[in-house]
Amino acid sequence: MEEIKIPAHIAFIMDGNGRWAKNKHLPRSVGHREGVTSMRRVVEACYAKGVKVVSFYAFSTENWSRPKEEIETLFGMLEKFAKSEIPKYAKRNFIIRVMGDLSALPQNVSKALQDNMKLCEGNDGMIVNLGINYGGRDEIVFAVNQLLQKGLEVTKENIGKNLYTSDLPDPDLMVRSSGEVRLSNFMLWQLSYSEMIFLETLWPDFDEKTVDEIINQYNKRDRRFGRV
């Protein structure tokens, strides 16, 4: 029997919370809450499969253009996640980290995230990497500015070493839910040679079976990294 290849790093663009809620005649806030539950299911399923790193696009730099009420709802959920979910992950030896600029977030949200991520210090288990106030272009600009401040030459290698994810492997696989077929400014540098899967399934409906499906699809791919 052929051995199943497990991606070391899977990146998820979580899309479709609003449409899920609309289809069920529910407020968008309910869709976002269900999206958090779905993320928990996906983390658990990936952990069970032996995935080492999972990245999630939680709040993009473009999300600031959404209605104020929706943004406040998302921030409230982030604060709740930090206070109630991160400690649970920390106890299981997971590492929770953030890529993005937390300085622009409300102070209570930023503090809750940073304080609770400290609970993961010393852990060496699966990494759950959250993109919060994150944009791929902004990250590249951040890395280049780091090089200029350090007086280093702008090379591919040096840019890679100064990204938010400098100590993580690039994603083997990127998965986007809800049928949208675009990257939406997500991990533009890191996804250069990643396999990509776009599913019609809305994010709140993602579960263990969905993770099985994407790993099966991944195993049908022939990764060439630009080679013939």
Side-chain angles (χ1 to χ4, degrees), residues 3-14 35-59 77-103 105 109-134 136 139 142-143 146 150 157-175 186-195 197 206-208 210-212 214-216 218-219 223 225:
E3 183 181 358
I4 298 294
K5 297 177 294 184
I6 301 298
H9 184 175
I10 305 178
F12 293 92
I13 298 179
M14 304 182 289
V36 173
T37 301
S38 177
M39 191 184 95
R40 187 187 306 124
R41 291 196 298 265
V42 169
V43 168
E44 294 294 343
C46 288
Y47 174 69
K49 291 289 184 182
V51 178
K52 304 300 182 185
V53 185
V54 284
S55 291
F56 296 97
Y57 208 4
F59 187 87
M77 291 172 61
L78 277 174
E79 184 178 12
K80 183 178 179 181
F81 173 85
K83 293 179 177 179
S84 64
E85 295 295 318
I86 292 180
K88 296 176 185 176
Y89 287 135
K91 288 180 180 179
R92 297 182 59 193
N93 198 37
F94 289 5
I95 301 168
I96 309 296
R97 52 185 287 172
V98 168
M99 59 178 182
D101 180 11
L102 293 183
S103 66
L105 301 183
V109 179
S110 177
K111 186 177 188 304
L113 286 165
Q114 293 183 72
D115 286 351
N116 285 281
M117 284 191 293
K118 291 177 182 177
L119 298 174
C120 300
E121 291 178 357
N123 289 358
D124 57 5
M126 184 171 77
I127 296 171
V128 180
N129 178 46
L130 306 174
I132 298 177
N133 195 27
Y134 172 84
E139 181 182 24
F142 169 81
Q146 290 290 104
K150 297 173 183 177
E157 291 74 17
N158 284 340
I159 290 176
K161 290 177 181 177
N162 284 272
L163 296 171
Y164 295 129
T165 59
S166 59
D167 58 336
L168 299 180
D170 288 344
D172 300 294
L173 176 62
M174 188 285 298
V175 180
F186 183 55
M187 300 185 84
L188 300 180
W189 185 278
Q190 299 91 330
L191 293 176
S192 296
Y193 290 103
S194 303
E195 295 299 314
I197 295 175
F206 267 53
D207 56 17
E208 183 179 357
T210 317
V211 173
D212 287 339
I214 64 177
I215 289 179
N216 287 337
Y218 175 77
N219 274 264
R223 302 191 72 196
F225 299 95

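Along the sequence shown, the residues carry numbers beginning at 1. Computed from heavy atoms alone, side chains included, the values below leave out hydrogens, waters and symmetry copies.
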Minimal non-hydrogen separation, [X] against [Y], with atom names:
X: A82; Y: N116; value: O-CG, 3.1 Å
X: N123; Y: I95; value: O-CD1, 3.3 Å
X: C120; Y: I86; value: SG-CG2, 4.3 Å
X: Y134; Y: L188; value: OH-N, 4.5 Å
X: D172; Y: A8; value: OD2-N, 2.7 Å
X: E139; Y: Y164; value: OE2-N, 3.0 Å

Quiz item: So F12 and F206, would you call those rings parallel, tilted or perpendicular, with 30° and 60° as cut-offs?
Solution: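 Ring orientation of F12 relative to F206: perpendicular.
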Quiz item: Do the rings of Y57 and F186 sit parallel, tilted or perpendicular, given the 30° and 60° boundaries?
Solution: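 Parallel.
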Quiz prompt | Single hit among L173, V51, V53 for side chain to side chain contact (heavy atoms under 4.5 Å, CB included) with H9 | solution =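 Only one option passes, and that is V53.
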Quiz prompt | Positive for side chain to side chain contact (heavy atoms under 4.5 Å, CB included) with E85, one of R40, M39, K80 | solution =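 Answer to the side chain to side chain contact (heavy atoms under 4.5 Å, CB included) test with E85 among R40, M39, K80: R40.
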Quiz item: Are side-chain N/O atoms of N158 and K150 paired as donor and acceptor at under 3.5 Å?
Solution: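 The answer is no; no qualifying pair exists.
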Self-check item: Between S110 and Q114, a side-chain donor and acceptor under 3.5 Å
Solution: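 Per modelled atom types, S110 and Q114 side chains form a pair under 3.5 Å.
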Report yes if the side chains of [X] and [Y] come closer than 4.5 Å at any heavy-atom pair, otherwise no.
X: L113; Y: L105; answer: yes
X: M126; Y: V43; answer: yes
X: F81; Y: L130; answer: yes
X: W189; Y: T165; answer: no
X: I215; Y: I4; answer: yes

Quiz item: In this structure, are over 12 heavy atoms from other groups packed under 6.0 Å from E44 atom CD?
Solution: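 Yes, enclosed.
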Quiz item: For atom NZ of K5, is the number of surrounding heavy atoms from other residues, nucleotides or ligands below 6.0 Å larger than 12?
Solution: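 Yes, enclosed.
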What's the separation between atom [atom1] in [X] and atom [atom2] in [Y], rounded to the nearest 0.5 Å?
X: N219; Y: E3; atom1: CG; atom2: CD; value: 9.0 Å
X: N93; Y: D124; atom1: CG; atom2: CG; value: 4.5 Å
X: C46; Y: K52; atom1: SG; atom2: NZ; value: 12.5 Å
X: K88; Y: R92; atom1: NZ; atom2: CZ; value: 11.0 Å
X: N129; Y: M187; atom1: CG; atom2: CE; value: 6.0 Å
X: F59; Y: N133; atom1: CZ; atom2: CG; value: 6.5 Å

Quiz item: Salt bridge between D115 and K83, side-chain N to carboxylate O under 4.0 Å?
Solution: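 Salt bridge between D115 and K83, a charged N being under 4.0 Å from a carboxylate O: no.
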Quiz item: So, are E121 and K118 salt-bridged, with charged N and O less than 4.0 Å apart?
Solution: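 Here E121 does not pair with K118 in a salt bridge, since their nearest N and O are not under 4.0 Å apart.
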Self-check item: V54 and V42: CA distance, side-chain angles, deciding distance, side chain to side chain contact (heavy atoms under 4.5 Å, CB included) verdict
Solution: CA-CA 9 Å; V54 284; V42 169; 5.6 Å; no
Quiz prompt | Step-by-step side chain to side chain contact (heavy atoms under 4.5 Å, CB included) determination, K49 to D212 | solution = CA-CA 9 Å; K49 291 289 184 182; D212 287 339; 2.7 Å; yes
